[in-house]
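Worksheet for the structure shown next.
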Amino acid sequence: MSKPIEEQKFFTDSGIEIERIYPKQDFGDEKPGEYPYTRGVHSDMYRSKLWTMRQYAGFSTAEESNKRYHYLLNNGTTGLSVAFDLPTQMGYDSDHDLSDGEVGKSGVAIDTLRDMEILFDGIKLENVSTSMTINSTASILLGMYIALARKQGADVKKISGTIQNDILKEYAARGTYIYPPVPSMRIITDIFEYCSKEVPKWNTISISGYHMREAGATAVQELAFTLANAQEYCKAAIKKGLDINVFAKRISFFFNAHNNLFEEVAKFRAARRMWAKITTDLGATDAQAQMLRFHTQTAGSTLTAQQPLNNIMRVTIQALAAVMGGTQSLHTNGFDEALALPTEEAARIALRTQQLIAYESGVPQTVDPLAGSYFVETLTAQVEKAAWDYIHKIEKMGGAVKAIENSYMQNEIAASAFDYQDNIEKGKKIIVGVNKFAVEEKMPENLLRVDDSIRQYQIDKLKKVKAERDNAKAKASLELLERNAKDNTNLMPAIVEACENYVSLGEIADTLRKVFGIYKS
């Protein structure tokens with residue numbers, strides 16, 4: 001016999017107990033746009049400017065991805081978000097043996113500046129904000145982007161966008177690292193230093209909880225591990241002699257949005273409050289350096305291959321959580337992404353989901369619409385406390401790098417992932433269409449697949465670029481890069497020069513591999 005309702009206990013996905021009712025409380029008078037920014041980083045939030053509506057896209061060749069970008073821009077997206085294939089992420093050209101079977105599959109294949117020219121053909125970089133999901137090779141892709149902007153005649157001081165550039169979460173959860181942690185951190189701080197002078201509107205890092213959440217982290221773990229990594233980057237930059245009041249203004253964050261709507265909103269609100277304290281404790285006095293600005297993507301791991309149209313509703317809930325939590329930009333997943341790359345129809349519905357929230361729901365018309373809710377305010381404080389507990393443990397270990405080297409973050413994420421799946425298997429966690437309300441169904445038709453033949457197309461293009469470029473200049477660029485890597489000179493000027501001389505991504509990465517070595521976990 002089931003327990004009476006009043007005796008049942010309910011919990012968020014992070015294990016925080018949810019009370020039946022929350023008593024009246026006084027939560028003070030925090031204002032949006034004021035420290036500690038719990039209620040938002042701008043006083044008017046979406047009343048004066050909506051979030052940037054990004055759609056994550058990139059597949060096959062630069063030519064095919066360019067068509068999708070124009071399609072999205074014509075349908076009202078306000079910012080591009082580039083997905084790169086695994087060889088590009090791992091620093092291998094399309095002709096490398098390890099690239100076989102992966103070229104163009106999880107994103108677009110980029111070997112040289114020529115691919116970047118095609119990728120953004122007909123798109124003025126001064127007029128669009130571009131986010132690039134790239135980490136180990138972030139310096140190289142940024143170098144190509146800057147080289148292309150110069151070639152277009154753009155003022156590079158005006159181009160805007162973001163590189164993910166968050167290597168610590170790669171060691172913790174995702175795996176597309178190349179070099180050991182110490183030289184990887186050096187590359188990141190080189191980018192901070194270079195961009196603060198040369199590309200001041202560029203967000204030099206997007207510290208990502210997204211992938212840790214996709215790997216199985218809870219909302220609390222996502223928040224805690226992301227901020228612990230961010231604190232480590234700041235300390236490394238300060239040690240290099242950089243001013244936190246300068247570089248922290250260009251730090252952004254990348255969070256996941258799951259289905260537990262109120263916990264997600266509480267997570268975003270707690271994140272701003274915690275970051276304000278962390279940066280202040282590290283010496284930040286400029287308000288812009290204390291504000292946590294973030295991009296959100298809806299949760300790929302929650303999408304189901306079963307009854308894929310249900311994913312439209314999941315994405316809507318997740319997008320609402322991001323907007324009510326005060327995101328600065330948002331990507332909504334296509335309903336068919338559990339099966340394949342998103343079709344144009346799925347991408348359009350995903351974008352329309354954002355537009356419906358923006359223009360029809362009324363949600364953006366007031367700032368922090370859930371502020372003052374006894375439940376949400378209490379949950380914000382509970383999420384914050386649980387996240388601080390993790391951060392204090394990591395600090396006692398010696399910081400995020402030590403915690404990762406000791407496999408602490410990895411083990412915590414793995415344990416949470418196991419518990420989550422175990423609850424699904426036992427029916428304690430209901431996934432509609434999977435372990436409840438399932439139906440017989442056929443595989444959807446017209447899924448987007450990338451043909452393996454494009455690898456040869458990329459190889460032929462790469463050969464042509466190498467044959468036509470000035471190989472003396474290319475060789476000199478790589479020699480300069482190697483010297484700078486050895487003598488601790490900032491790497492970015494040499495990387496940009498190499499990109500301008502059509503040196504390939506693999507050639508640049510191999511030069512750095514020769515100096516720094518590779519990391520084996």
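At a cut-off of 3.5 Å, with distance as the only test, a side-chain donor of Y171 or S184 sits close to an acceptor on the other residue. Between N260 and E264, the side chains place no donor N or O within less than 3.5 Å of an acceptor N or O (distance only, hydrogens not considered). For the residue pair D166/S208, the side-chain donor-acceptor check at 3.5 Å is not satisfied. A donor atom on one side chain and an acceptor atom on the other are found under 3.5 Å apart for Q458 and K461. Side chain to side chain, R273 and T380 fail the donor-acceptor criterion of an N or O pair below 3.5 Å. For T298 and N333, the side-chain atoms include at least one donor-acceptor pair closer than 3.5 Å. Side-chain contact check for E102 and Y92: no donor-acceptor pair (N or O, by modelled atom type) lies under 3.5 Å. With no hydrogens or angles considered, a side-chain donor-acceptor pair links D111 and S94 at under 3.5 Å.
With salt bridges taken as basic N to acidic carboxylate O contacts below 4.0 Å, none links E384 and R269. Ionic pairing of K67 and E64 is present here: one or more N-O contacts between side-chain nitrogen and carboxylate oxygen are shorter than 4.0 angstrom.
Looking only at distances, a side-chain donor or acceptor of T327 sits under 3.5 Å from a matching main-chain atom of F294. Put simply, the side chain of T52 never gets that close to the backbone of R54: no donor and acceptor are under 3.5 Å apart. At distances below 3.5 Å, not a single donor-acceptor pair connects side-chain atoms of E63 with backbone N or O atoms of I118.
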query: Given the rule in the side chain to side chain contact (heavy atoms under 4.5 Å, CB included) test, do E222 and K169 qualify, once you have shown the distances and angles that lead to the verdict?
result: CA-CA 10 Å; E222 177 193 5; K169 67 96 175 48; over 6 Å; no
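More than 12 heavy atoms of other residues, nucleotides or ligands sit less than 6.0 Å from atom CZ of R352.
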